[in-house]
Amino acid sequence: MMSKPINIGISACLTGNQVRYDASAKTSHFCVKELGQHVQYRSFCPEVAVGLPVPRATIRQIKQDDLIKVSRPDGSGDITDALQAYGKRVAKVAEKFSGFIFCAKSPSCGMERVKVYSEDGKGSTSDGVGVFAREIMKANPLLPCEENGRLNDPIIRENFVARVFAYRMWQELVAEGLTKHKLIEFHSKFKYTVMSHSQKSYKALGQLLAGKTTDVEALGAKYIEGLMGALKLKATRKSHANTLQHIQGYFSHHLTKPQREELCEQINNYRTGLMPLMVPLTLIKHYLLSFPKPYLARQFYLSPYPEQLKLRYGY
């Protein structure tokens with residue numbers, strides 16, 4: 001699908017590297033056995049990178065006045081500054097990545113809900129962000145990022161992978177050299193994808209590209225910010241069904257009455273939760289083979305990533 005390997009950053013323990021505090025790994029089957037067949041990983045263990053051994057004493061985030069420190073539970077061995085510095089270095093490398101997968105709840109790699117302990121150790125909250133992960137995300141706000149735990153949710157998993165492949169397409173477009181014409185062509189491929197995520201974003205992106213600005217670089221920056229923001233929103237069964245109905249219109253003059261009724265029924269069955277998304281999509285792809293529509297065939301919505309991933313079978 002892509003001309004070069006898709007590079008994704010990942011917490012090293014998720015790929016099977018035994019680098020956790022107890023010399024274990026936290027291997028993600030999805031990351032290694034499924035997604036790993038279609039992407040190339042660059043793995044990172046911040047703790048090892050800043051000099052901690054394997055195995056090692058546990059570390060945690062501790063709130064001291066208004067500051068969050070990462071150290072051993074007794075406050076010794078503070079590695080906060082080292083983690084931040086390492087995160088900044090990797091953040092520059094991550095500019096060329098198309099995604100990043102972090103280890104959940106880790107004081108260095110957790111994206112959210114990281115435990116932050118009180119200085120006396122008698123209480124904690126779950127509102128922290130891993131020090132390393134924070135630097136990556138702050139420096140690369142458009143980069144698709146997720147945690148291994150959240151990837152167990154089929155909707156979040158599909159959303160993340162779709163964003164990775166969409167972002168990679170954008171990176172390749174920019175590498176070719178951005179023009180207004182190429183930008184409009186790129187957007188045309190994402191018409192139904194954006195529609196399935198956000199009608200508001202669909203209208204806003206269309207209006208943005210319809211403007212008369214001649215600064216293509218600024219236009220591109222606004223566009224990709226809007227696109228990635230839209231794709232981060234979860235598409236619902238209702239929004240998918242509405243999008244499928246729009247696509248159905250391409251075949252209105254080609255299908256027999258029973259065929260139209262069958263497609264309507266499958267879309268409605270998906271809307272009501274009786275069928276996964278792949279059922280109406282498979283029927284639409286079948287009709288697309290029988291009645292070719294070049295514009296529709298180019299839509300990212302119909303084939304956002306390799307079918308072998310089977311990400312639309314479960315919801």
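Worth knowing before you read on, the calculation uses all heavy atoms, side chains too, and leaves out hydrogens, waters and symmetry mates.
- Note on Phe30: it clusters hydrophobically with Val164, by side-chain heavy-atom contacts below 4.5 Å among ILVMFWY residues.
- Test Leu277, Leu263, Leu283 against Leu244 for side-chain contact (heavy atoms from CB on, under 4.5 Å) and you get one pass: Leu277.
- Between Lys189 and Glu185 there is no salt bridge, since no side-chain N of the basic residue sits under 4.0 Å from a carboxylate O of the acidic one.
- Under a 4.5 Å side-chain heavy-atom cut-off, the cluster of Ile, Leu, Val, Met, Phe, Trp and Tyr residues that includes Val116 is completed by Ile68.
- Glu146 pairs by the salt bridge (charged side-chain N to carboxylate O under 4.0 Å, His left out) definition with Arg150, not counting sequence neighbours.
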Under 3.5 Å donor-acceptor pairs involving side-chain atoms of residues 125-136, not counting sequence neighbours:
from   : atom 1 : to     : atom 2 : distance (Å)
Thr125 : OG1    : Asp127 : OD1    : 2.7
Glu135 : OE1    : Lys88  : NZ     : 3.1

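- Under the side chain to side chain donor-acceptor pair (under 3.5 Å) criterion, the residue pairs touching residues 51-72 are Arg72-Ser76, with sequence neighbours excluded.
- Within a 6.0 Å radius of NZ in Lys285, other residues, nucleotides and ligands contribute more than 12 heavy atoms.
- Applying the ring pair (Phe, Tyr, Trp, His ring centres under 6.0 Å) test to every pair with at least one member in residues 241-261, sequence neighbours left out, gives these pairs: His254-Phe291.
- Listed for the Asn140 side chain is no donor-acceptor partner under 3.5 Å among the backbone atoms of Met137.
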Side-chain polar contacts of residues 208-215 - donor-acceptor pairs under 3.5 angstrom, sequence neighbours left out - could you list them?
from   : atom 1 : to     : atom 2 : distance (Å)
Thr213 : OG1    : Asp215 : N      : 3.3
Asp215 : OD1    : Glu217 : N      : 3.3
Asp215 : OD1    : Ala218 : N      : 3.1

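- Remark: Lys180 NZ is packed, more than 12 non-hydrogen atoms of other residues, nucleotides or ligands lying under 6.0 Å away.
- Aromatic ring centres of Phe165 and Tyr167 lie farther apart than the 6.0 Å criterion allows.
- Judged by distance alone, the side chain of Gln18 and the main-chain N or O of Ala25 form no donor-acceptor pair under 3.5 Å.
- No more than 12 heavy atoms of other residues, nucleotides or ligands lie within 6.0 Å of NZ in Lys232, so this atom counts as exposed by the packing criterion.
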